[in-house]
Structure formats: structure tokens, C-alpha cells
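Order of the sequence lines sets the chain letters (A, B, ...), proteins ahead of strands, with each chain counted from 1. All values below were derived from every heavy atom in this structure, side-chain atoms included, with hydrogens, water molecules and symmetry-related copies excluded.
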Protein chains: 2
Amino acid sequence: MKWQDVGEQPCSIARSLAIIGDRWTLMVLRSAFLGIRRFDDFQASLGVTRHVLAERLKRLVEADVLQKVPYQGRQERFEYRLTEKGRDLYPVLLALVNWGDKWLDGGMGPPVQYRHNTCGHMFTPTMVCSECGEAVNAREVMPVAGPGLMGMAESGKPG
Amino acid sequence: MKWQDVGEQPCSIARSLAIIGDRWTLMVLRSAFLGIRRFDDFQASLGVTRHVLAERLKRLVEADVLQKVPYQGRQERFEYRLTEKGRDLYPVLLALVNWGDKWLDGGMGPPVQYRHNTCGHMFTPTMVCSECGEAVNAREVMPVAGPGLMGMAESGKPG
DNA sequence: ATGCTAGGTTCCAAAAAGGAACTCGTCAAC
DNA sequence: GTTGACGAGTTCCTTTTTGGAACCTAGCAT
């Protein structure tokens, strides 16, 4: 199967990964969340080639994760800004940060820590159940067919 | 910059993505969380080529995300099982599911829903602050230099 | 008029992915 | 006691994607 076809399955993970699941795309979004908005700044902050960066930005704009906004009047210059859909990816990045902090810090502690301005504390992002508020782990969760699966049961694998 | 070098930055996102941030790796882990353990079953459930699958499994074993466990006695057969480090990636997948459910369902509702066995309810995975329990969003969070950044300030970009 | 800046393209070589066939022990069936 | 299947890969070859560097283009500043 080609990677392009991955997003057509009735699986939200596959669909999400078809947009953001390759080399560099999540790094681009990391930079976007840090406030970077311009092509050359993305390029400098990431070290990715301009070629690949241009392609990734284009894809993210097409997917409505970033928005291309003109600035500086008459000259054709653009900023890439997160849309609401893009900002909604923040938990994905927090989950990655959290995992890296726990397992990949090389014994030196986390390179960056996070402060929750609302409550004023340094915090650990925690994935909880919306209903009971308890931290969720894989063994306590059971997948069940949802409405978006109907009529597609033959066409791919769920998840 | 080559992708291989991405993981050497003092940034937990970069380090995490160096392991799981390419095409197929998170799909492999999705299958692992669904209970798949054998080479041919991964291949059938994903549609990835055997070539790529073998390389990804090897890398995940080297990174201690999966563990290769022999089974069936004398014959050299193996199961790939999630380690604790691997199980700790569950929040990353939940965050992806949640985003896909919200933004990529094509108006049909989520293909798969999740039940939290502990409390018995269908739920939405929610990323909250460990200190105050409120849902976290990007604008309320401020990154601060952590201990793992010291002495490396020149060598790369944080995040 | 000359150079700078931002935001790209273009070109080419190197690496990775897609696809199919092949290998290599063990085991069960004929 | 040969044949065939199973599981877990490997090998070979073609197509796509990256990586790296140079080039392009409009407006602006000197």
C-alpha cells in the first residue's frame, strides 16, 4: 500500500497520520506553536531543506492546519499561522514532549519544562478520561465500532 | 540537516520524533495496541511492505519500545510486544485519535469509539494539567528552560 | 544600478519506499 | 521421505522522497 492511500481507512489514527505522520511535519508544527510564522524562520529553526519545507507547508495549508496570511502591504509576503484545527493538535505535541521527557532525557532531566499560566504551576501534561477524570492507560480502554464505520466494514482495518 | 540527526537536539519532541516520527511507525504501534504481535499479522493489518516493516520493528526493538519475545518452543518464532516505554506512547495515539475524530470524520462521526472500563463510560481522551486538572491549550502554556538544557544552549533549538 | 530580503523553484545525487520473488528452518500431511 | 505450508525475514529492482546547493523574482533601500 502506498502512503497516500493510508488516510482513506476508517481509522482516525490513519487519517491523522496521513496529514501529520511523516518526517518533519510535526517538527514544523512544533515551530508553529513556538510562534514561528515565516518561511525562512521555519527553515532556520528546523534545518530542513527549503524544498521539503515548501512541500510540507503547502500540504498543511491544504489540510487547513495552517493558514497563509499576507502581511506587509503590497509586497507578496506571507505568514503561516495555526488555524483552530491546527491549534487542536497541541495535545499531540504535549504527549510527545511528555514521553520524550520521561524516556529520552539521557538522565539530565527535561530540556524544557512547561508552566500552566492558568494555575501558575509547572506541570506534566496528562491524558485523562473526559468522564471520570482518571489518567487513561491502554489496558483500561476498549474500542467499540462507531457511526463512521458503518457501511465500510470491508474496506479497511479499524483502529 | 539529515533526519538521523534530528534526535540529537535538546528537545523532547525532536527526540521522540526521531524514533516514532516517520511514515508507518505509529501505524505499527497502533496495531500493537490493538493486540497484534506477529510479523505477518502486522503486515496484513497495515499493508506496509515486509521490507519496511522489518526495518521499523528492528528500530522499535532497538529503542526499547517493542520487545522481541520467542514463542512456540524450539522453532525460532517471535512476538513483538510493547514494553512499558512503548505502552507509555498510548497518550500520543489517543491524541491522534481524538484529533482525527473531531476534524477528519467526513461528517459521519468517529469510526471507532472508546470505552473506559474503569468508569464504564464512552469517553473523549482529554489532555489536562497535572496540577489543576483543567484541559490545557497552547496559549496558556509557557515553556521554561529545564535542567536537560544546561550546557547545550548553543547546540540546537529547544522546544 | 546595485544589492538585500522573503519566499520560493530548479537541478542533481543519495536515500528510502513499493512490489514481488526468494530463502531458510521447522512441521504436518501424503 | 518427498511435498507443501508457515513464519519471519531478505534480496532485487523500480519509483518516490530527501538532502544540498544554486538560482529566480518582486519590491525596497542605498
Name the pairs: protein N/O against N/O of nucleotides 2-6 of chain C, kept only if under 3.5 Å.
| unit_1 | atom_1 | unit_2 | atom_2 | d |
| --- | --- | --- | --- | --- |
| dT5(C) | O2 | Arg77(A) | NH2 | 3.0 |
| dA6(C) | O4' | Arg77(A) | NE | 3.2 |
| dA6(C) | O4' | Arg77(A) | NH1 | 3.0 |
| dA6(C) | O3' | Tyr71(A) | OH | 3.4 |

Would you kindly give the [atom1]-to-[atom2] distance between [X] and [N], to the nearest whole Å?
X        : N       : atom1 : atom2 : value
Arg23(B) : dA16(C) : CZ    : C1'   : 9 Å
Met1(B)  : dA21(D) : CE    : C1'   : 17 Å
Asp5(A)  : dG19(C) : CG    : C1'   : 14 Å
His51(A) : dC23(D) : NE2   : P     : 18 Å
Gln4(B)  : dA15(C) : CD    : P     : 9 Å
Arg59(B) : dA16(C) : CZ    : C1'   : 11 Å
Ile36(B) : dG7(D)  : CD1   : C1'   : 15 Å
Lys2(B)  : dA21(D) : NZ    : C1'   : 14 Å

Closest-nucleotide 5' rank along DNA chain C - winner of Leu57(A) and Arg56(B): Leu57(A)
pair [X]-[Y]: side-chain heavy atoms closer than 4.5 Å:
X        : Y        : value
Ser31(A) : Ser45(A) : yes
Leu29(A) : Leu82(A) : yes
Met1(A)  : Trp24(B) : yes

Any donor-acceptor N/O pair, Arg38(B) side chain to Tyr80(B) backbone, under 3.5 Å: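 A pair under 3.5 Å: no.
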Any Tyr80(B) side-chain N or O less than 4.0 Å from OP1/OP2 of dG7(D): no
Residue-phosphate contact under 4.0 Å: Trp3(A) side-chain N/O, dT16(D) OP1/OP2: no
Residues clustered with Met122(B), ILVMFWY side-chain links under 4.5 angstrom: Met142(A), Val144(A)
Residues forming a salt bridge (charged side-chain N to carboxylate O under 4.0 Å, His left out) with Asp64(A), sequence neighbours excluded: none
Minimal non-hydrogen separation, Phe123(B) against Cys129(A), with atom names: CB-SG, 3.6 Å
Bracket string, DNA chain D, 5' to 3' - pairs by Watson-Crick or G-U geometry under 3.5 Å, | interstrand: ||||||||||||||||||||||||||||||
Sugar-phosphate, base or nothing in reach of Lys58(B), heavy atoms under 4.0 Å: nothing
Within residues 88-111 of chain A or reaching into it, pairs that qualify as side-chain hydrogen bond (donor to acceptor under 3.5 Å, both in side chains) - sequence neighbours excluded: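 Sorted pair list: Asp88(A)-Lys102(B), Asp88(A)-Trp103(B), Asp101(A)-Ser12(B), Lys102(A)-Asp88(B), Trp103(A)-Asp88(B).
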Inter- and intrachain pairs under side-chain hydrogen bond (donor to acceptor under 3.5 Å, both in side chains), touching residues 119-134 of chain A, at least two apart: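 Residue pairs passing side-chain hydrogen bond (donor to acceptor under 3.5 Å, both in side chains), neighbours aside: none found.
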